[in-house]
A.B. asks: 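Take a look at the following structure, please.
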Amino acid sequence: MHFATLNLCNLGADAAAWRLAHFGRLIAQTLAAPALLALQELKSEAEPAADGTVPATASAAALIEAILAAGGPHYVYREIAPLADADGGQAGFNIRLGALHDPRQLEAVERMPGGALDAAGVRRGADGHAQLTRSPGRIAPLDPAFAGCAERHWRPSRKALALEYRCPDGRPLLLVNCHLKSMRAEHRRAEDYAKKQRHAQAAVIHAFCASVLALDPQARLIVAGDFNDVPGSKTLDLLKGERLANLIEDLPRHLRHTHRHGHHAQTLDHVLVSPALRAARAEVLHVHTTAPAPQPSDHDPVRVELRDVQPLPR
């Protein structure tokens with residue numbers, strides 16, 4: 001089974017036709033239609049719903065149509081819609097985390113889906129495996145690391161998204177999709193505040209993952225996305241702990257970069273896996289960082305072969 005993570009760089013339903021077509025071809029052809037995709041920076045400029053959230057239904061539909069037009073499968077989109085202007089990013093864009101899955105290869109588990117402020121937990125299922133209390137759900141959305149804290153100069157940021165799927169062999173597959181606090185800052189002091197906020201976010205996410213593995217040491221767990229920090233940083237060390245492995249670190253250094261800031265190549269997008277998925281192998285497809293302007297995204301996708309998980313026949 002294949003998995004991928006992809007930062008869409010503020011993609012919305014109003015995106016230029018060439019960008020939507022590019023992402024359709026990228027997912028359907030270049031990435032070979034993975035069973036599961038973690039998405040970052042899908043935007044929605046729609047009017048808030050009655051509960052104050054801003055769903056990205058139209059944006060996801062436009063992306064799915066582009067994938068179909070490129071010969072890909074009919075993906076199903078899942079998210080927890082953010083409250084308007086409560087998750088950081090460019091003002092008014094309401095970027096969020098979401099996921100696409102191919103129902104021919106993987107079954108989504110819907111269990112008490114949470115709202116923007118509802119936290120997902122972990123419990124032991126009847127089969128003995130760890131399962132989410134909410135799927136989809138958010139990880140500690142009210143924690144200051146994500147909600148913001150004026151005293152620490154922390155601003156509201158994207159909340160990590162937890163989702164549960166069922167593999168063809170009946171075992172759960174848990175995905176934690178992350179988009180941590182940006183490295184961009186107006187001055188050095190703001191950069192230090194952002195770094196400390198990223199560290200706090202990493203610690204919260206790791207604690208959640210540790211609770212999964214404490215219940216079920218053989219849990220199939222993927223933690224992926226735009227971490228806005230590099231291998232060897234405190235952020236990555238906090239996220240990994242002693243139980244998770246970063247598949248990006250298996251690659252030669254010259255093949256790891258997923259982002260380019262000016263002429264400087266950076267590795268900001270990562271895929272961490274639990275011991276049960278350690279046989280997985282990752283590759284970075286340098287389709288954006290090497291492309292001439294205008295680039296569809298400033299991040300390259302990461303594709304992973306989950307060697308221990310067999311998909312349903314397509």
Side-chain angles (χ1 to χ4, degrees), residues 2-87 89-110 113-116 134-138 158-159 161-165 175 177 179 224-226 287-288 294-297 299 301 303 314:
H2 289 89
F3 164 81
T5 179
L6 174 61
N7 185 313
L8 296 167
C9 193
N10 300 324
L11 186 76
D14 61 347
W18 70 268
R19 284 192 72 209
L20 284 167
H22 166 83
F23 285 117
R25 291 190 302 270
L26 174 64
I27 293 170
Q29 300 171 20
T30 310
L31 294 174
L36 180 61
L37 292 102
L39 303 177
Q40 303 89 43
E41 291 199 25
L42 193 68
K43 75 171 185 176
S44 176
E45 296 181 274
E47 288 296 317
D51 62 358
T53 62
V54 188
T57 308
S59 301
L63 177 59
I64 291 169
E65 286 299 319
I67 296 168
L68 284 168
H74 198 300
Y75 281 103
V76 176
Y77 177 72
R78 303 171 80 197
E79 69 170 16
I80 295 293
L83 294 170
D85 300 316
D87 277 16
Q90 190 167 332
F93 278 14
N94 294 302
I95 59 172
R96 81 281 316 286
L97 299 153
L100 292 175
H101 77 277
D102 180 356
R104 302 176 304 168
Q105 302 186 63
L106 199 61
E107 179 185 350
V109 174
E110 293 287 324
R134 296 183 183 276
S135 175
R138 289 178 147 196
R158 279 77 53 183
K159 284 69 174 173
L161 179 67
L163 307 106
E164 183 175 334
Y165 298 88
L175 169 63
N177 188 4
H179 187 185
D226 178 358
V287 294
H288 296 146
Q295 298 167 330
S297 174
H299 289 254
R303 184 173 185 262
R314 287 193 278 180

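Everything numeric here is computed off the predicted structure, so don't read it as measured data.
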A.B. asks: Filter on side-chain hydrogen bond (donor to acceptor under 3.5 Å, both in side chains), then keep only pairs touching residues 27-39, sequence neighbours left out; what's left?
C.D. replies: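 Those involving residues 27-39 do not exist here.
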A.B. asks: The criterion is ring-ring contact (aromatic ring centres under 6.0 Å, His included); which residues satisfy it with Y165, sequence neighbours excluded?
C.D. replies: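 Only H101 meet the ring-ring contact (aromatic ring centres under 6.0 Å, His included) criterion with Y165.
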A.B. asks: Quick check for you: to the nearest 0.5 Å, what is the distance between L8 atom CG and D226 atom CG?
C.D. replies: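 Rounded to the nearest 0.5 Å, the CG-CG separation comes to 11.0 Å.
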A.B. asks: Hey, could you give me each pair passing side-chain hydrogen bond (donor to acceptor under 3.5 Å, both in side chains) that has a residue in residues 50-74? Not counting sequence neighbours.
C.D. replies: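 Qualifying pairs: D51-T53.
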A.B. asks: Any chance you could measure N94, atom CG, to N10, atom CG, to the nearest 0.5 Å?
C.D. replies: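 These two atoms lie 11.0 Å from each other.
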A.B. asks: Should S297 and F23 count as side-chain neighbours, where that means a heavy-atom distance under 4.5 Å?
C.D. replies: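 Yes, at least one pair of side-chain atoms sits under 4.5 Å.
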A.B. asks: Would you mind reporting whether I95 and D87 have side-chain heavy atoms less than 4.5 Å apart?
C.D. replies: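 A side-chain contact under 4.5 Å is absent here.
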A.B. asks: Do NZ/NE/NH1/NH2 and the carboxylate oxygens of D14 and R19 come within less than 4.0 Å?
C.D. replies: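 Not counted as a salt bridge, because no side-chain N and carboxylate O are separated by less than 4.0 Å.
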A.B. asks: Does a side-chain N-to-carboxylate-O contact under 4.0 Å join R78 and E110?
C.D. replies: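 Salt bridge: yes.
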A.B. asks: Looking at E45 and K43, is any side-chain nitrogen of the basic one under 4.0 Å from a carboxylate oxygen of the acidic one?
C.D. replies: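 A salt bridge is present here (some side-chain N lies under 4.0 Å from a carboxylate O).
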A.B. asks: Under the ring-ring contact (aromatic ring centres under 6.0 Å, His included) test, which residues partner H179, sequence neighbours left out?
C.D. replies: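 Here no residue qualifies.
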A.B. asks: Looking at side-chain heavy atoms only, is the closest gap between P103 and Y75 below 4.5 Å?
C.D. replies: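 No; the side chains remain at least 4.5 Å from each other.
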A.B. asks: Taking side-chain contact (heavy atoms from CB on, under 4.5 Å) as the criterion, tell me which of L63, L97, T5 meets it with L39.
C.D. replies: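 For L39, the side-chain contact (heavy atoms from CB on, under 4.5 Å) check succeeds only for L63.
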A.B. asks: side-chain hydrogen bond (donor to acceptor under 3.5 Å, both in side chains) with E79: which residues, sequence neighbours excluded?
C.D. replies: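 Listed in chain order: Y77, R96.
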A.B. asks: Would you say that Q40 contacts N177 through its side chain, given a criterion of any heavy-atom pair below 4.5 Å between the two side chains?
C.D. replies: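 Yes, their side chains come closer than 4.5 Å.
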A.B. asks: Under the ring-ring contact (aromatic ring centres under 6.0 Å, His included) test, which residues partner H22, sequence neighbours left out?
C.D. replies: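 Only H288 meet the ring-ring contact (aromatic ring centres under 6.0 Å, His included) criterion with H22.
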